[in-house]
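Proteins get letters first, then strands, A, B, ... in listed order; numbering begins at 1 in each.
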Amino acid sequence: MNRPKETAFLGCFNTSIKWFLAIIMMTMAGLSFYQVVMRYAFNNAPSWSEELVRFLFIWNSFVAAAIGIREHIHIGVDVFVNLLPKKFIPLMEVVVNLGIIVFSVYMVWHGWSVTLMTHRQPSPALGIPMSLVYLSIPVMGVMLIFYCSLETLSAWKRFTAERRGA
Amino acid sequence: MLFALVSTLVICFLINVPIGFALGMAALASLIASGTMPVSMIPQRMVAGANSFPLLAIPFFMLAGAIMERGGVSRRIVNMASALVGHISGGLAAVSIVACTFFAAISGSTPATAAAVGTLTIPEMEKRGYDRSYASAVVASASCLGVIIPPSITMVIFGIVANVSVGQLLIGGIIPGLFLSLILICVNYFRSKQLGYPTEEKRNWKQRWRTFTDAIWGLMMPIIILGGIMSGVFTPTESAAIAVVYGLLVSFFIYKELSLKDLVPIFYRASLNSAMIMLLIAAASPFGWVMTIEQVPQMASSAILGLSDNMHIIYLLMLIIYLILGTFMETAAIILLVVPIFAPIAESLGIDMVHFGVVTVIALAIGMATPPVGIALFATCGISNITIGQITKKVVPFLIALIAGLIVLAYVPILSTFLPKLLF
């Protein structure tokens with residue numbers, strides 16, 4: 001992977017996200033196992049654990065989807081782009097990342113308005129405000145804008161470097 | 001609204017927007033174009049789409065496979081497979097296929113199966129004089145069994161999208177998976193005879209027993225998962241959570257090959273891999289909502305049903321569409337886009353939905369190994385450092401055999417429905 005050099009701050013931020021995701025995932029697995037044991041061994045399944053695991057998974061998925069831009073996990077249909085001359089491929093990456101940024105701006109804006117709307121709506125089992133769950137969407141949006149901007153810059157640099165080279 | 005939806009999706013596909021974002025953008029464009037629908041539908045629907053306990057089986061099956069792999073079970077499975085089938089013609093390639101079959105019962109994903117087996121067997125095959133592209137093609141085609149033999153992430157997604165029992169689908173995959181494995185072994189046997197690939201030394205039963213007892217802790221995992229689902233004691237998600245804990249116990253305390261330091265990367269990787277699928281599922285929720293109010297599924301199904309009134313022709317047509325989409329598109333995306341249209345058609349034709357699910361997953365699994373785009377090809381080419389072009393020529397006979405197997409399985413429903421009917 002030819003990633004841009006990370007500043008100390010960015011490296012630290014990425015590492016904390018990595019730990020955040022790993023710990024949430026461990027908690028999800030641990031809670032689900034606890035729930036099964038309680039149900040079958042003690043016939044006493046806690047009502048809150050299933051809901052908590054679902055909410056943790058929503059946060060885990062959306063935060064990981066955002067850092068996934070940096071890790072290049074998201075798959076598109078690349079057969080058509082590969083028909084283009086090779087030097088235009090970074091340019092297409094710029095266009096795609098700008099498109100995701102536009103989408104993310106909408107997600108931050110409307111995700112935030114949903115978060116505000118659901119502030120007084122308690123979740124069925126835990127009784128926590130549903131806004132805590134919907135908050136994951138604007139957070140994902142902000143992170144997407146951040147990581148897509150970095151990707152846009154690096155793709156643009158590759159595009160101009162290759163043009164100068166040719 | 002429909003025009004905005006379809007045109008945005010097509011443009012996104014043309015310029016290689018990741019499919020999860022493409023679905024979200026298409027829904028966004030159509031809501032903006034409608035002028036009356038609130039855009040806040042999208043965040044609400046995305047959260048609702050992700051908010052489901054059965055989906056937890058996806059990261060847990062990924063985790064269980066990754067922990068077992070890192071914990072040293074794949075090497076033991078390869079040893080056992082080589083003691084079992086190493087002596088037939090094309091021995092090491094047959095070993096790869098058998099090892100993929102066993103590992104498929106531990107891992108729910110195709111690239112994980114390809115990586116677990118391929119990193120061990122491809123270099124070995126090359127040392128013994130196999131062509132590197134042939135070795136990779138064998139692993140790529142056999143790793144498709146990863147999502148056919150339970151556990152299977154693809155079956156979980158199908159079950160949730162088409163509203164079919166995930167437990168029954170998983171059990172339904174057992175016989176077809178073994179059947180396809182046998183087909184691959186046969187193809188390899190005859191190809192290796194032609195190409196003159198070597199056989200390995202034959203082991204006696206005592207040696208085989210030793211490799212079996214060494215691998216037993218890994219092989220117990222599918223028994224726990226399947227036993228729990230079959231007896232109705234656990235749901236698939238619960239069995240997946242148990243498999244994660246079991247995998248940790250075995251890797252830490254019995255094989256002692258996993259250290260605490262490995263845990264963060266494994267759990268982080270599982271978060272990323274499941275997030276890629278979860279973004280698709282979340283974004284497919286507002287997208288599917290727009291499709292439903294525009295009545296796209298009804299239009300598409302009446303168009304397809306209008307082509308012919310012969311059930312077998314429609315069925316074949318659906319399989320062909322799966323295979324074509326599989327050559328260039330990601331599996332979960334095909335399920336989320338196409339199954340909401342195909343499942344009602346299959347139901348109206350009177351096809352058993354468990355059977356239809358198993359056949360769908362097999363067709364899409366074959367798509368993972370069909371060039372130019374396929375996750376099984378990418379995984380194995382990454383291991384052996386060859387290009388998609390090099391693997392393509394060698395993988396074709398295996399693909400033809402798998403497609404022949406698919407057609408048999410599609411028209412002989414008993415092979416996929418026998419076990420689920422027996423047990424549920």
Side-chain angles (χ1 to χ4, degrees), chain A residues 18-19 21-26 28-33 35-36 39-40 50 53-55 57-58 60-69 71 73-82 89 92-93 95-96 99-100 102-103 106-107 109-111 113-115 117 130 133-134 136-138 144, chain B residues 12-22 24-25 28 32 38-44 46-47 50-53 55-56 59-60 63 233-234 237-242 244-245 248 263-268 270-279 281-282 327-330 333 372-373 375:
Chain A
K18 185 173 177 175
W19 276 82
L21 292 172
I23 289 169
I24 289 194
M25 186 58 89
M26 287 175 197
M28 283 159 47
L31 274 175
S32 307
F33 182 70
Q35 183 186 317
V36 183
R39 178 172 307 151
Y40 295 108
E50 193 210 287
V53 171
R54 276 188 280 121
F55 290 172
F57 189 37
I58 291 171
N60 185 283
S61 301
F62 290 148
V63 172
I67 200 171
I69 292 285
E71 303 271 6
I73 58 163
H74 297 293
I75 302 173
V77 180
D78 60 2
V79 278
F80 305 112
V81 172
N82 287 340
I89 291 178
M92 289 322 259
E93 283 176 34
V95 175
V96 167
I100 298 176
V102 172
F103 174 73
Y106 273 96
M107 287 305 101
W109 172 18
H110 290 276
S113 75
V114 174
T115 307
M117 267 187 327
M130 282 305 284
V133 182
Y134 287 106
S136 58
I137 296 278
L144 279 173
Chain B
C12 284
F13 281 177
L14 287 177
I15 64 171
N16 192 18
V17 175
I19 298 173
F21 294 108
M25 289 177 194
L28 179 66
I32 292 171
V39 175
S40 59
M41 274 299 305
I42 294 179
Q44 278 174 331
M46 280 177 71
V47 168
N51 191 3
S52 133
F53 193 66
L55 285 175
L56 265 303
F60 291 166
L63 270 175
V233 177
F234 313 133
T237 310
E238 289 170 337
S239 76
I242 290 172
V244 171
V245 175
L248 285 173
L263 283 186
V264 169
I266 288 178
F267 280 77
Y268 175 59
S271 304
L272 289 178
N273 289 343
S274 67
M276 182 246 138
I277 294 175
M278 285 300 288
L279 181 74
I281 291 175
T327 59
F328 64 94
M329 220 159 134
E330 206 274 326
V373 178
I375 193 108

Largest heavy-atom contact set with chain A, pairs under 4.5 Å, which of V244(B), V233(B), I42(B), L63(B): V233(B)

Side chain proximity check, Y134(A) to Q44(B), heavy atoms < 4.5 angstrom: yes

Separation of Q35(A) CD from T237(B) OG1 (nearest 0.5 Å): 9.5 Å

Straight-line distance of M276(B) CE to E71(A) CD, nearest 0.5 Å: 14.5 Å

Results of side-chain contact (heavy atoms from CB on, under 4.5 Å) for A22(B) - residues two or more places apart only: L9(B), C12(B), F13(B), V17(B)

Heavy-atom check, side chain of I15(B) versus side chain of F80(A), under 4.5 Å: no

Chain B contacts, top residue of A29(A), S136(A), G68(A) (heavy-atom pairs, under 4.5 Å): A29(A)

M25(B) side chain near I100(A) side chain, heavy-atom distance below 4.5 Å: yes

Residue part contacting chain A, namely of S274(B), when any heavy atom lies under 4.5 Å: side chain

Side-chain heavy-atom pair V96(A), F21(B) within 4.5 angstrom cut-off: no

Partner chain A: residue of A275(B), P372(B), S271(B) with the largest heavy-atom pair count (under 4.5 Å): S271(B)

Worked verdict on V373(B) versus I75(A) for side chain to side chain contact (heavy atoms under 4.5 Å, CB included): CA-CA 11 Å; V373(B) 178; I75(A) 302 173; 5.8 Å; no

Residue pair V39(B) / Y106(A), side-chain heavy-atom distance below 4.5 Å: yes

Structural part of V245(B) lying under 4.5 Å from a heavy atom of chain A: side chain

Any side-chain heavy-atom pair of Y268(B) and I67(A) under 4.5 Å: yes

Region of E330(B) in contact with chain A, defined by heavy-atom distances below 4.5 Å: side chain

Contact origin within L14(B) toward chain A - heavy atom pairs under 4.5 Å: both

Heavy-atom contact with chain A under 4.5 Å, split by part of S239(B): neither

Interchain contact, L55(B) with chain A, by part (heavy-atom threshold 4.5 Å): both

Salt bridge (Lys or Arg N to Asp or Glu O under 4.0 Å) against E238(B), all qualifying residues, sequence neighbours excluded: R39(A)

Check: L263(B) and M26(A) side chains under 4.5 Å, non-hydrogen atoms: yes

Residue part contacting chain A, namely of I32(B), when any heavy atom lies under 4.5 Å: side chain

Winner by heavy-atom pair count (cut-off under 4.5 Å) against chain B, out of M28(A), K18(A), M117(A): K18(A)

Side chain, backbone, both or neither of A282(B) within contact of chain A (heavy atoms, under 4.5 Å): side chain

